[in-house]
A.B. asks: 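Mind looking over this structure? Questions follow.
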Amino acid sequence: MAHQWGMVIDLDRCTGCEACVVACHAENNIATVSPEEAARGRTMHWIHVERHWEGEYPNVRARFRPVLCQQCGAAPCEPVCPTYASYHTAEGLNAQVYNRCIGTRYCANACPYTVRVFNWFSPEWDKPLHLQLNPDVSVREGGVMEKCTFCSQRITAAEIHAQAENRELRDGDVTPACVQSCPAGAMVFGDLSDPTSQVSRLARLARGSKLLEELGTLPAITYLERE
Amino acid sequence: MDAIYGLFSSSDAARHALAALRTGSPELGIKKESIIVISSAPLEGEGLGWEEQRSRMPWLAVLGGLVGATTGYALASFTQRAYPLPTGGMPIVAPWPTGIVMYELMMLGAILTTIVTFLITARLPRYRDRIYDPEVSYGKVLVGVAEADRDLSAKVTQRLYEQGAEQVKEITGHQERLRERQPGI
Amino acid sequence: MAPNSVTQTNVIDQEAERIREDLLRPLFRTSWRFYTVVGVLVAIGLPGLAAFIYQSYSGLGVAGLSNPVFWGFYITNFVFWIGISHAGTLISAILRLVNAGWRRPVTRCAEAITVFALVIGGQFPVIHLGRPWLFFWLIPYPSERHIWPNFRSPLLWDFLAISTYITGSVTFLLLPIIPDWATVRDRSTGLRKRIYTVLALGWQGTPREWHRLETAMSIMTVAIIPVAVSVHSIVSWDFAMALVPGWHSTVFGPYFVVGAIFSGIAALIIAMALLRKFLHLEEYLTPVHFNNLGKLLLLMSLLWFYFVFAERLTVWYGNETAEMPGFWSVQRGQFAGLFWTMVACNFLIPFPILAIKKLRTITGTVIASATVVVGMWLERFLIVVPSLEHKFLPYNWGSYRPTWVEITIMVGTAAGMVLLYVLFAKFVPIISMWELRGGEHATAAEVAARGVVGRSGAVPDATLLGTNG
């Protein structure tokens with residue numbers, strides 16, 4: 001049976017430090033934009049941390065919720081793409097094939113979580129930063145849509161390693177950049193088709209919920225609400 | 001293309017002339033199929049040959065529509081199955097969208113069939129071997145015979161003038177040389 | 001035997017000849033005004049082209065779009081022009097179907113709007129692409145990539161529907177032009193004669209040709225109406241298929257179709273008024289036509305109001321958390337000014353003008369139409385943008401402000417539309433001559449029974465949609 005990759009994010013542990021955002025940028029060759037562009041809503045973050053305020057002043061508390069592509073089981077973004085740039089893989093990933101994308105941006109409109117980002121311009125890296133690009137991840141050109149892949153390059157790498165060692169993938173073999181860099185250990189990644197995996201056990205907790213669950217998009221990410 | 005024809009200024013006169021040519025065809029020695037009527041507007045319901053027109057264009061359009069719809073289904077099913085990519089939890093050949101594809105291609109099929117059947121059955125485009133007189137576009141109705149030899153010409157000329165033709169003209173040879181014929185020759 | 005009723009025939013002949021001369025005059029005589037208009041339109045259009053090239057070269061970021069407002073002016077204009085395209089073919093087909101006699105001078109100028117509005121509107125989905133040079137990946141053809149387009153995507157439906165619609169509209173426009181081109185061929189000389197000879201396809205005017213032409217037209221009339229309805233329904237489904245609050249609505253199909261016909265009639269009235277003035281067609285495009293189209297516009301205004309009310313009411317009453325921010329931004333937030341301008345333009349101003357008989361004049365209907373065109377553009381904008389600004393998660397809300405690139409392209413394409421129309425009116429008789437002459441060859445008795453043959457052809461026998469008032 002194919003793996004069904006999923007994630008659990010414990011909101012009780014998230015401190016809103018945004019280390020995941022930085023790690024994601026570094027791992028996935030995500031472009032940074034100028035402050036002016038950022039102010040226009042053109043940041044390229046594949047994962048962003050939503051900050052919400054609870055309560056009335058002076059008794060206010062900040063709450064954080066990292067939001068990345070929910071890798072929906074019934075993703076609204078996939079069928080609207082005319083060129084199959086967006087489709088569903090056998091392992092439950094919501095794939096985005098950059099080379100097929102012609103930039104209709106329909107998927108981004110259809111996504112209820114607004115986690116798809118568009119290359120408004122071709123990305124540039126100031127020298128010598130162009131030398132630090134991750135060779136395992138393709139660099140996208142202007143005019144195409146991109147989004148979180150659950151670090152599919154790391155999944156592939158782990159599968160190759162396991163194959164070389166002539167064994168099945170073990171729980172914990174794959175760690176996306178955001179999970180790896182979370183100092184509070186708020187994020188757990190793994191195979192949901194394996195009921196014994198850590199991610200499966202956490203996803204079954206009573207305080208688990210899905211983001212905008214009522215839309216029927218079947219997200220692969222479970223948020224553990226604060227107690 | 002040889003022909004002899006008269007130009008009439010009203011459809012009434014043209015109708016009488018047509019009737020006269022038809023009833024007189026055995027006596028004049030002309031074939032009914034070679035009698036021609038040309039006008040600058042459709043002469044529907046005026047006894048000028050419209051009534052004999054039949055065509056299966058509407059049925060061919062329906063057939064074209066069916067072919068189009070089938071093509072639509074084939075397109076939306078074979079191409080998707082040839083490279084199956086699941087999206088949004090939908091079936092590879094999703095019924096509702098396939099219905100839309102079939103519908104649009106059905107209409108396209110009907111439209112394209114209509115264009116083609118129109119051109120074929122109206123015998124267009126046709127730049128050579130045409131019997132025509134520019135006077136038609138000034139409102140005249142042309143009635144004549146698409147065959148002409150010397151004997152026939154005289155008799156037909158006579159008949160056309162009797163029916164009130166304003167002019168009778170003859171086309172001979174491939175160069176469409178026009179020669180006006182005077183009454184009473 | 002002499003032709004019966006010689007005088008009657010001659011009167012009709014002269015009359016018919018005058019019609020042809022009037023309608024062919026713009027083709028044969030070119031005034032300095034024509035060159036001025038073309039020059040001005042080209043001057044407005046070229047910056048639009050330059051702006052598109054600049055955008056393709058620099059990246060779509062030069063437009064005002066951003067996350068989450070991924071669609072803006074371009075899609076607004078796309079929907080707007082596809083709506084305008086419903087002027088012609090649909091209206092003309094409906095009038096042909098019910099055999100409204102007064103349609104005769106109107107159909108061709110209406111059908112031409114359809115074709116050119118589709119040509120212009122169809123450019124916007126390409127202009128708005130991130131990689132516009134790859135637009136042909138939407139076309140289903142066997143390629144070396146071994147992958148076909150996704151037929152589950154509404155954009156594919158769009159492509160198929162618009163292709164069908166433009167094929168049908170061009171056919172619908174061109175078929176009845178063939179006999180008129182034959183007339184032009186017979187009356188011209190030199191290069192012009194050679195061009196029109198080719199265009200006329202060797203048309204003679206035999207009963208067979210006329211019969212096939214009319215049969216083809218009646219098939220097209222029946223076929224084009226459902227196509228036109230499907231086109232704008234599918235355009236609406238571009239929105240309704242997406243899981244966006246404010247878009248995901250079942251009313252969108254009919255709502256868009258009604259809005260399209262509404263803006264289409266308005267565009268037609270404006271085009272007719274301009275043609276009437278500049279080509280001196282006062283005797284053909286008469287107050288009767290404007291009056292009748294004004295009544296249709298009135299009907300569509302009421303229908304439009306009904307649909308807006310139904311759509312707004314449903315959202316407001318349902319009071320869903322996700323829907324309300326977008327709803328209120330339109331009703332009393334930053335879009336309220338545009339919303340109420342739209343209501344004024346589409347209903348409050350045109351309704352009294354069109355409802356009061358005295359005001360339903362040429363000037364009156366043109367004023368009403370001008371406001372409707374503006375109002376319907378705003379309607380499209382208010383459908384596209386406010387919903388995108390307020391999707392489910394408030395953290396991601398954003399805003400949209402168009403840049404000069406979008407505005408230049410929008411103005412340029414509008415000029416392009418007018419330019420195509422002006423050129424069309426230059427090379428094709430804008431009123432179908434042979435259809436206008438429908439009654440010309442009628443028998444003397446019929447002519448007598450019908451009274452004088454009006455120069456606007458069949459205006460006197462326009463009974464079906466009413467000529468009174």
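These numbers were taken from a predicted model, which means no experiment stands behind them. Order of the sequence lines fixes the chain letters, A, B, ..., with proteins taken first and strands second; residue numbering starts at 1 for each chain.
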A.B. asks: Hey, which of B:Leu105, B:Thr117, B:Ile36, B:Val101 has the most heavy atom pairs under 4.5 Å with chain C?
C.D. replies: B:Val101
A.B. asks: If you count heavy-atom pairs within less than 4.5 Å of chain B, which of C:Ala216, C:Ala182, C:Gly202, C:Pro154 leads?
C.D. replies: C:Gly202
A.B. asks: Parallel under 30°, tilted from 30 to 60°, perpendicular over 60°: which one fits the rings of C:Tyr165 and C:His86?
C.D. replies: tilted
A.B. asks: Counting N and O atoms only, with roles assigned by atom type, does the side chain of C:Arg208 sit under 3.5 Å from a partner on the main chain of B:Thr121, one being a donor and the other an acceptor?
C.D. replies: yes
A.B. asks: Using modelled atom types and a 3.5 Å cut-off, is there a donor and acceptor pairing between side-chain atoms of C:Arg20 and backbone atoms of B:Tyr138?
C.D. replies: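 Answer holds: yes.
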A.B. asks: Test C:Thr89 against every option in C:Thr107, C:Thr221, C:Thr114 by the side-chain hydrogen bond (donor to acceptor under 3.5 Å, both in side chains) rule and name the one that passes.
C.D. replies: C:Thr114
A.B. asks: Under a 4.5 Å cutoff for heavy-atom pairs, which residue among B:Thr114, B:Ile38, B:Leu85 has the most contacts with chain C?
C.D. replies: B:Ile38
A.B. asks: Counting only heavy atoms closer than 4.5 Å, note whether C:Thr206 contacts chain B via side chain, backbone, both or neither.
C.D. replies: both
A.B. asks: Using non-hydrogen atoms and a 4.5 Å limit, figure out which bit of C:Ile219 sits close to chain B: side chain, backbone, both or neither.
C.D. replies: side chain
A.B. asks: Using non-hydrogen atoms only, which part of C:Ile234 is less than 4.5 Å away from chain B: side chain, backbone, both, or neither?
C.D. replies: side chain
A.B. asks: For C:Arg187, does the CZ atom have more than 12 heavy-atom neighbours from other residues, nucleotides or ligands under 6.0 Å away?
C.D. replies: yes
A.B. asks: Select one option (side chain, backbone, both, neither) describing which atoms of B:Ala61 are under 4.5 Å from chain C's heavy atoms.
C.D. replies: side chain
A.B. asks: Given heavy-atom pairs under 4.5 angstrom as the criterion, report whether the side chain, backbone, both or neither of C:Glu209 touches chain B.
C.D. replies: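 Both parts, heavy atoms under 4.5 Å.
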A.B. asks: Looking only at heavy atoms, what is the nearest atom pair of C:Pro179 and C:Leu213, with distance?
C.D. replies: CG-CD2, 3.7 Å
A.B. asks: Need one label for B:Arg54: side chain, backbone, both or neither, based on atoms under 4.5 Å from any heavy atom in chain C.
C.D. replies: backbone
A.B. asks: Would you indicate whether the side-chain heavy atoms of C:Ile162 and C:Ile82 approach each other to under 4.5 Å?
C.D. replies: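 Side chain of C:Ile82 against side chain of C:Ile162, heavy atoms only: contact under 4.5 Å found.
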A.B. asks: Is it the backbone or the side chain of C:Ile178 that comes under 4.5 Å from a heavy atom of chain B, or both, or neither?
C.D. replies: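 The side chain, not the backbone.
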A.B. asks: Would you give the length of the straight line joining atom NZ of B:Lys169 to atom CD1 of B:Ile4, rounded to the nearest 0.5 angstrom?
C.D. replies: 12.0 Å
A.B. asks: Is it the backbone or the side chain of B:Leu119 that comes under 4.5 Å from a heavy atom of chain C, or both, or neither?
C.D. replies: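 Looking at B:Leu119, just its side chain touches chain C.
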A.B. asks: Relative to chain C, which segment of B:Pro84 carries a heavy atom at a distance below 4.5 Å: side chain, backbone, both, or neither?
C.D. replies: neither
A.B. asks: Tell me which of these, B:Ile115, B:Ile111, B:Leu112, has more heavy-atom pairs under 4.5 Å with chain C than the rest.
C.D. replies: B:Ile111
A.B. asks: Counting heavy-atom pairs under 4.5 Å with chain B, which one of C:Glu214, C:Gln204, C:Met220 comes out on top?
C.D. replies: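 Heavy-atom pairs under 4.5 Å are most numerous for C:Gln204.
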A.B. asks: Measure distances from C:Val198 to the heavy atoms of chain B and classify the residue's part below 4.5 Å as side chain, backbone, both or neither.
C.D. replies: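 For C:Val198, the contact with chain B is made by backbone and side chain together.
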A.B. asks: Taking every heavy-atom pair that is under 4.5 Å apart, which of C:Arg185, C:His146, C:Met241, C:Arg212 has the most such pairs with chain B?
C.D. replies: C:Arg212
A.B. asks: Give the intermediate values and the outcome of side chain to side chain contact (heavy atoms under 4.5 Å, CB included) for residues B:Glu104 and C:Ser230.
C.D. replies: CA-CA 8 Å; B:Glu104 291 302 334; C:Ser230 78; 2.6 Å; yes
A.B. asks: If you take the centroid of each ring, where Trp contributes its six-membered ring, are C:Trp210 and C:Trp203 closer together than 6.0 Å?
C.D. replies: yes
A.B. asks: Please state whether the side chain, the backbone, both or neither of B:Phe8 comes within less than 4.5 Å of a heavy atom of chain C.
C.D. replies: neither
A.B. asks: Look up atom CE in C:Met433 and atom OG in B:Ser137, then write down how far apart they are to the nearest 0.5 Å.
C.D. replies: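 Interatomic distance, C:Met433 CE to B:Ser137 OG, rounded to 0.5 Å: 8.0 Å.
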A.B. asks: Measuring heavy-atom distances to chain B, does C:Pro149 have an atom under 4.5 Å in its side chain, in its backbone, in both, or in neither?
C.D. replies: backbone
